[in-house]
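Working notes, beginning with the structure itself.
Start at 1 and go down the list; that is how both ligands and their atoms are numbered. All figures in this text were calculated on a predicted structure; none of them were measured in a lab.
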Amino acid sequence: MASFSMNDFRLDGKVALVTGASDGIGFAMACGLAYAGAKIAFNGRSQEKIDDAIRRYKDLGIEAKGYVCNVTDEKAVDELVRKINEDLGVIDILVNNAGIIKRIPMTEMSVEDFRLVVDTDLNAPFICAKAVIPGMIKKGHGKIINICSMMSELGRETVSAYAAAKGGLKMLTKNICSEYGAANIQCNGIGPGYIATKQTAPLREKQPDGSRHPFDQFIIAKTPAERWGEAEDLMGPAVFLASDASNFVNGHILYVDGGILAYIGKQP
Ligand code: NAP
Ligand code: GCO
């Protein structure tokens, strides 16, 4: 029988790139990977946010290397991977976390806005995966974790571009699994539920009378855990999917949603 030990959850000596990890879910997952032993590289569009993030990582005892890179720009991503290879070594773990959302009724959404969301949330994960897979093949192993969404499974008003992109990202995940599983590359998704970050702040804003936002109340009623998720809730799932403990898990979307997808919702 294959041997198993808790060391299988360790990431010592591994190089991880977490895109868009200046803040939010990406920042938390990068911390989790670092606590498990990985060397962390991250990127974003703003040098100021990267510099601030490097300070916050350092305050947590993490020496993260930050790079300005727009993930929708293939040349910039290829240069990012080259620099990380030089600075830290060949990338073992890619977390495609960078993402945006635009909440606009579909018939009012411009094609430019639709394209920007799909470019960032679907095309960019393709670009980043394409850039790191050759190095993973040479190393004989690799882990790719795509940050999907409830909207990989469900739709709702105003998020047509985001749902289309995250639905596509679920299938890109399954396809990378299918195409590169034989190279010992595992590609899985994490589907966070509703997580309290800047991205969802508009959905949690207090009403003028101090009451909870209607959407906030809706999510609480739809979540068996009766709470919003925290970015920290994603740390353990990310470590698991980045580690040898998940070497036979491939093409799977791990929903970290407090049970929303399993639940019809509390009777009003
Ligand atoms: P967030 O706080 O807005 O973080 C998104 C990050 O992506 C930012 O740090 C941003 O950094 C970066 N980014 C955006 N566009 C980029 C680009 N073109 N190139 C490089 N970096 C870019 O959002 P979050 O809530 O942490 O979300 C992180 C991921 O989880 C996203 O993919 C999101 O769709 C997904 N997600 C979120 C939730 C939730 O409830 N919060 C649930 C499910 C899935 P810069 O602005 O510095 O570039
Ligand atoms: C929204 C939210 C969601 C979350 C997340 C849920 O407007 O419905 O932003 O899309 O961000 O993707 O999993």
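With atom 13 (N) of ligand 1 as the reference point, the heavy atom nearest to it among Pro192, Ser152, Gly44, Ala98 is part of Ala98.
Using a 4.0 Å cut-off between heavy atoms, Lys166 contacts ligand 1 through its side chain alone, with no backbone atom that close. Using a 4.0 Å cut-off between heavy atoms, Ala196 makes no contact with ligand 1 at all. Residue contacts with ligand 1 for Arg45 involve both N, CA, C or O and side-chain atoms from C-beta outward (heavy atoms, distance under 4.0 Å).
In this structure, atom 36 (N) of ligand 1 lies nearest to the protein heavy atom Tyr162 OH, 3.6 Å. Here the protein heavy atom with the shortest distance to atom 20 (C) of ligand 1 is Cys69 O, 3.4 Å. Nearest non-hydrogen protein atom to atom 2 (C) of ligand 2 is Tyr194 CE2, 3.3 Å. Scanning the protein heavy atoms around atom 45 (P) of ligand 1, the nearest turns out to be Lys49 NZ, 3.5 Å. Closest protein heavy atom to atom 8 (C) of ligand 1: Gly20 O, 3.9 Å. Protein heavy atom nearest atom 9 (O) of ligand 2, with residue, atom name and distance: Arg103 NH2, 2.6 Å.
Considering backbone and side-chain N/O of Ile100, none are found under 3.5 Å from N/O of ligand 1. Considering backbone and side-chain N/O of Tyr194, none are found under 3.5 Å from N/O of ligand 1. Distances between N or O atoms of Asn97 and those of ligand 1 include at least one value under 3.5 Å. Backbone and side-chain nitrogen or oxygen atoms of Asn43 are examined, and none is located within less than 3.5 angstrom of a nitrogen or oxygen of ligand 1. Ligand 1 has no nitrogen or oxygen under 3.5 angstrom from a nitrogen or oxygen of Asp121. Taking any N or O of Ile195, backbone or side chain, at least one lies under 3.5 Å from an N or O belonging to ligand 1. Where the criterion is an N or O separation shorter than 3.5 Å, residue side chain and backbone included, Thr120 fails it with respect to ligand 1. For ligand 1, one of its N or O atoms has an N or O atom of Val71 under 3.5 Å away. Backbone and side-chain nitrogen or oxygen atoms of Thr200 are examined, and none is located within less than 3.5 angstrom of a nitrogen or oxygen of ligand 1. Checked by distance only, ligand 1 and Lys198 stay at 3.5 Å or farther apart across all their nitrogen or oxygen atoms.
Within the structure, the closest approach of Phe27 to ligand 1 does not fall below 4.0 Å when heavy atoms are considered.
Near Gly193, meaning under 4.0 Å from one of its heavy atoms, ligand 1 places the atoms 40 (O), 42 (C), 43 (C). Each of the atoms 43 (C), 44 (C) of ligand 1 lies under 4.0 Å from some heavy atom of Cys148. Contact atoms of ligand 2 toward Tyr162: 5 (C), 10 (O), 11 (O), 12 (O) (distance under 4.0 Å to a heavy atom of the residue). Close approach of ligand 1 to Ser46 is summarised as follows: ligand atoms under 4.0 Å from at least one heavy atom of the residue are 47 (O).
Results of the side chain to side chain donor-acceptor pair (under 3.5 Å) test with Trp228 over Thr200, Thr223, Asp216, Asp233 single out Asp216 as the only residue that passes.
The aromatic ring centres of Tyr57 and Phe27 sit less than 6.0 Å apart.
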### Task
Check the pair Tyr255 / Glu153 against side chain to side chain donor-acceptor pair (under 3.5 Å), numbers first and verdict last.
CA-CA 10 Å; Tyr255 286 99; Glu153 301 293 344; 2.7 Å; yes
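In the model, Ser246 has a side-chain atom that pairs as donor or acceptor with a side-chain atom of Lys143 under 3.5 Å.
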